[in-house]
Amino acid sequence: MTDNRFDPSQADGRWQRAWEESGAFTADSDSEKPKSFILEMFPYPSGRIHMGHVRNYTMGDVLARYKKMRGFEVLHPMGWDAFGMPAENAAMEKKVHPGEWTHANIEGMKKQLKGIGFALDWTREFATCDPEYYGHEQALFLDMFEAGLVYRRSSEVNWDPVDMTVLANEQVIDGKGWRSGAEVEKRKLDQWFLKITDFAEDLLEGLDELKDWPEKVRLMQENWIGKSSGLEFSFDLSNGEKLPVYTTRPDTIFGASFCAIAADHPIAQGLGDDPAVAAFIEECKKGGTTAAELETAEKLGFDTGITAQHPFTGEAMPVFIANFVLMDYGTGAVMGVPGHDQRDFEFATKYKLPITRVVAKDASETDAPMGDEAEAGDGVIVNSDFLDGKSVDEAKAEVIARAENGGWGEGKTVWRLRDWGISRQRYWGTPIPIIHSPDHGPVPVPRDQLPVKLPEDIDFDEPGNPLERHPTWKHTTCPISGKPALRETDTLDTFANSSWYFLRFASQPDNAPFDPEEVAKWLPVQHYIGGIEHAILHLLYARFWTRALASIGKIDVKEPFAALFTQGMVTHETYALGDGSWLSPDEVRKDGAGWVTIADGAPVTAGRVVKMSKSKKNVVDPDAIIADYGADAVRWFMLSDSPPERDLPWSQDGIEGCGRFVQRLWRLFQQFDPAASGEDQPLARKAHQAIVAVAEDIEALSFNKAVARIYELTGATEKAEASESRNFAIRTLMHLASPMMPHLAEEAWACAGNDGLIADAPWPEHDPAMLVEDEVTIAIQHKGKLRDTLTAPKGASKEDLEALALASEKVQRSLDGAEIRKVIVVPDRLVNIVT
RNA sequence: GCGGGUGUGGCGGAAUGGUAGACGCCGGGGACUUAAAAUCCCCUGAGCUUUGCUCGUGCGGGUUCGAGUCCCGCCACCCGCACCA
């Protein structure tokens with residue numbers, strides 16, 4: 001027995017090399033074992049691994065290692081979501097090629113990930129910016145193009161006139177470009193779209209099958225897809241035109257008192273010659289789109305002077321241009337029913353339009369006055385001719401039926417989901433494999449010319465898309481006529497890259513994006529782990545892309561991720577000086593109850609615990625922590641205390657505690673004593689129970705509970721005398737801890753004289769007979785309050801337990817001679833005496 | 001506004017309707033040491049008239065022999081979406 005310390009600085013690297021050399025985590029798709037695909041959302045190679053990554057990948061790693069121990073052939077790959085804006089920004093700021101910057105980052109981050117000891121199959125690593133990868137992506141794009149799932153149309157975009165580029169909505173801040181600060185313009189550009197709306201119904205219904213997804217994410221996707229059903233019909237207008245409107249409340253049609261159209265509605269645009277109309281349309285465009293602005297925005301309207309004829313009453317209703325009507329939902333026009341829609345109510349109040357009740361609590365309340373807001377709830381239809389007395393649902397069906405019979409409208413389902421605009425006027429992305437032919441329009445690049453590679457010799461000295469102004473790249477010939485033609489210079493949205501990468505992880509043939517048979521072996525992903533921020537876009541696009549490929553016969557799986565887990569953020573206290581400037585954790589120290597700067601002792605305010613971010617300076621660098629405490633301590637911290645779906649507050653005290661526990665386990669592991677003999681039943685029992693409990697906790701992803709179990713068994717084992725049972729407990733702890741602290745476990749395993757890697761060893765067997773206690777603690781209650789506890793043999797009869805309870809001195813004192821009315825006995829648990 | 005979540009010691013958090021606070025962190029006391037670090041042991045929800053008693057899981061009710069857990073009504077905070085007709 002030696003009392004040396006575990007030295008991660010030399011042990012970690014040694015075991016990481018041992019895993020790599022033995023190929024311990026290389027997935028064999030020809031294996032006979034059941035398969036398990038464990039995947040964490042692959043990182044963007046921004047430069048450094050941060051604590052959020054460490055937490056995400058540690059969780060996946062524990063699962064992957066555990067599944068391997070349980071006899072699964074595990075696929076646990078890693079790659080790089082390598083296209084995107086930051087690389088281009090770096091190119092502009094640092095005069096470095098985006099590819100060079102990206103690859104340097106990948107090298108650095110890969111080294112960091114290896115230093116944490118993740119059980120990854122690095123043989124399947126790829127970056128989405130590899131021409132092989134994006135070439136296959138281009139092939140998939142062409143598959144979808146040929147299947148009619150891709151189309152081109154003119155669409156409005158945010159245009160930065162200084163950077164000469166399109167901005168995503170989140171890159172527009174207060175109406176200005178986030179980089180240039182220039183006033184952003186709306187511009188119409190021809191853009192490529194993927195027909196995700198073809199799959200709206202399917203994507204919505206598929207959510208029901210995703211039992212192992214968080215309810216929250218399913219609801220967010222459901223709302224995003226936004227199915228609604230109602231009636232689309234046309235009003236006859238006084239100018240002879242027709243005005244199609246969409247409503248989900250056809251039952252309230254007798255309450256309509258006006259029509260409203262969007263500012264960019266064709267009828268409004270047609271009136272644009274009138275300066276007053278033009279001014280109003282301009283006014284509508286100004287309004288901000290932030291939540292707060294919309295909340296307070298006043299309903300504004302402009303009476304066009306045109307009237308619409310009510311389909312049932314024949315009444316003439318005014319048609320307004322209104323700022324609250326959206327052109328891209330429904331038909332861009334609505335019928336206004338002020339009594340039963342809050343927006344219409346506000347509008348009608350402002351412009352003194354009639355507000356009629358057409359839904360009441362019951363049929364007798366026909367004339368009940370309207371309050372100061374619209375009544376959107378259920379009820380009975382009143383003041384509505386043939387609809388009177390019907391329920392809301394009956395009236396909806398009746399009006400839709402009459403409209404359809406009369407040929408002036410039809411029941412319709414409308415979706416909030418829009419088609420996916422995938423064109424980006426950027427260099428660092430997958431070139432869209434299309435050639436614009438003067439004679440044949442947009443033509444697919446012939447398959448034998450894929451990949452369409454990005455040119456290397458580009459510069460970012462001028463604003464705009466480097467592909468567009470490259471001297472030769474876009475010039476090519478039409479594949480049909482052979483005449484000169486131009487390449488598409490837009491690249492694909494980066495979300496396209498992450499929409500099928502899991503298929504490429506499952507199989508990597510040279511001549512195809514994937515092999516359907518290999519995909520069938522691994523998919524769906526058994527556990528997909530990542531941040532909640534991808535609840536909608538990435539996860540919806542990946543579901544769509546998988547379904548689209550299934551619909552054209554490329555694969556058999558429709559849902560890529562069987563189970564989804566969204567982990568919480570890593571947070572940290574913030575520190576600020578009096579002037580509000582932020583300080584990093586290593587610039588401050590505790591001073592009594594408060595905090596001061598290390599530099600000059602100036603008082604520091606410790607603020608809220610929030611997500612680690614550069615702007616708040618509350619980041620902690622994983623490398624520095626690993627250097628101080630080793631990889632296992634950091635991994636252990638990531639799994640301890642907080643449930644994985646909640647935020648994890650980082651603390652210096654916490655990581656020190658984890659570092660201490662690594663050493664404590666190491667000391668215990670060294671006490672494995674081959675010469676020891678004898679049984680220790682209670683300890684053996686605890687070890688067997690821990691084998692079962694830790695397994696259950698890991699499978700439920702309750703890592704914090706698994707950690708607590710390991711602490712408990714550790715404590716019990718430390719206290720026990722040497723025995724064969726104690727040796728068993730020590731070996732058990734090595735196995736139970738090995739998915740979480742793999743370096744320590746390997747070192748201890750080897751020191752105890754075992755051959756091979758503990759990573760390759762199976763999960764320990766438990767003896768079911770040892771799970772059952774032979775003695776139990778019984779709680780004795782009087783009137784529901786605890787009075788005493790006693791130990792009884794497991795399975796003691798109710799009569800015996802009752803007798804034991806009544807024999808207790810404490811119980812008798814509490815009873816104080818009162819008459820016993822009833823005694824409740826729960827075997828092996830408690831006795832409750834009621835007086 | 002709509003949808004969802006959370007609320008338990010100083011802190012992170014445990015708890016199939018059955019002994020609330022497992023486990024960890026912080027804190028206090030002690031042992032070892034010339035001393036420190038490391039390590040080990042004990043205490044650590046609040047209060048009280050302290051062999052013990054009372055109170056205690058955001059608040060107010062209810063069901064039950066028994067409620068952190070189930071039901072009804074509130075409050076606070078967090079997240080997502082949002083003029084979607």
Side-chain angles (χ1 to χ4, degrees), chain A residues 3 5 214-220 222-224 226-228 230-231 245-249 252 260 262 287 289-291 293-295 297-299 322-326 328-337 340-344 346-347 373 376 414-417 532-533 535-536 609 636-637 640-643 645-658 660-661 663-664 667 702 704-715 718-719 777-790 809-810 813-814 821-826 828-835:
Chain A
D3 194 39
R5 285 174 64 81
E215 177 74 10
K216 180 187 174 77
V217 174
R218 286 189 289 163
L219 276 164
M220 282 166 75
E222 188 181 323
N223 293 336
W224 188 262
K227 182 180 185 176
S228 81
L231 171 69
V245 300
Y246 172 74
T247 177
T248 56
R249 293 298 302 274
T252 62
T289 51
T290 65
E293 284 169 313
L294 289 175
E295 193 71 31
E298 199 181 0
K299 301 283 178 287
N323 64 345
F324 66 91
V325 180
L326 305 173
D328 62 358
Y329 185 79
T331 61
V334 299
M335 68 169 189
V337 184
H340 306 283
D341 179 281
Q342 186 56 26
R343 292 157 309 187
D344 296 347
E346 287 169 33
F347 190 81
E373 58 181 25
V414 168
W415 304 88
R416 187 182 173 279
L417 184 68
I532 186 74
E533 67 273 20
I536 297 174
V609 178
W636 189 250
F637 185 100
S640 303
D641 295 349
S642 289
E645 68 277 9
R646 289 207 213 163
D647 288 352
L648 172 68
W650 177 266
S651 75
Q652 187 59 32
D653 289 331
I655 185 65
E656 279 171 17
C658 292
R660 277 198 300 272
F661 184 64
Q663 298 300 337
R664 189 175 150 200
R667 286 192 299 275
S702 299
N704 56 321
K705 291 192 229 168
V707 161
R709 302 273 188 192
I710 290 172
Y711 273 116
E712 275 178 292
L713 182 59
T714 301
E718 283 169 337
K719 287 185 177 69
T777 306
I778 306 288
I780 314 298
Q781 297 179 329
H782 172 214
K783 291 195 285 191
K785 283 191 176 145
L786 184 71
R787 297 297 160 180
D788 198 5
T789 58
L790 53 86
E809 190 192 326
K810 289 177 181 174
R813 194 158 358 107
S814 176
R821 292 197 290 134
K822 199 173 174 186
V823 179
I824 286 129
V825 182
V826 181
D828 296 335
R829 278 216 177 258
L830 63 71
V831 178
N832 189 9
I833 301 160
V834 187
T835 55

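Throughout, protein chains are lettered first and strands after them, A, B, ... in sequence-line order, and every chain is numbered starting at 1. All heavy atoms count here, side chains included; hydrogens, waters and symmetry mates do not.
- With hydrogens and angles ignored, no donor-acceptor pair under 3.5 angstrom links the side chain of A:Lys783 to the base of B:C65.
- Taking atom OH on A:Tyr329 and atom P on B:C84, their separation rounds to 9 Å, with Å as the unit.
- Here the separation of B:G9 from B:G56, taken at their P atoms, is 14 Å to the nearest Å.
- In terms of position on RNA chain B, the residue among A:Trp415 and A:Ser814 whose nearest nucleotide sits closer to the 5' end is A:Ser814.
- Contact annotation: A:Lys719 side-chain N/O to B:C40 OP1/OP2 distance is not under 4.0 Å.
- Of the listed nucleotides (B:G3, B:G24, B:U19), B:U19 has the atom at the smallest distance from the side chain of A:Thr789.
- In this structure, A:Arg660 reaches the sugar-phosphate backbone alone: every heavy-atom distance under 4.0 Å involves primed, P, OP1 or OP2 atoms, never a base.
- Scanning atom types as modelled, no donor and acceptor separated by under 3.5 angstrom connect the side chain of A:Asp653 and the base of B:C25.
- In this structure, the CZ atom of A:Arg218 is 13 Å from the C1' atom of B:G4, given to the nearest Å.
- Distance check on atom P: B:U49 versus B:U54 gives 16 Å, rounded to whole Å.
- One donor-acceptor pair, N or O on each side, does fall under 3.5 Å between the base of B:U16 and the side chain of A:Arg829.
- Note on A:Arg343 versus A:Glu346: no salt bridge recorded, every NZ/NE/NH1/NH2 to OD/OE distance being 4.0 Å or above.
- Note on ring orientation: taking the six-membered ring where Trp is involved, the planes of A:Trp650 and A:Phe637 are tilted (angle from 30° to 60°).
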- Message: Across nucleotides 9-15 of chain B, 5' to 3', mark each nucleotide with B, S or - according to how protein heavy atoms within less than 4.0 Å reach it.
- Response: ---BSSS
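- If you take CZ of A:Arg709 and P of B:C23, they are 11 Å apart, rounded to a whole angstrom.
- A:Glu718 places its CD atom 13 Å from the C1' atom of B:C41, with the value rounded to the nearest Å.
- Base orientation of B:G5: anti, since the glycosidic angle falls outside 90° of 0.
- Of the two residues near RNA chain B, A:Arg249 and A:Glu656, the one whose nearest nucleotide lies more 5' is A:Glu656.
- Across all strands shown, A:Thr777 has heavy atoms under 4.0 Å from base atoms, whether or not it also approaches the sugar-phosphate.
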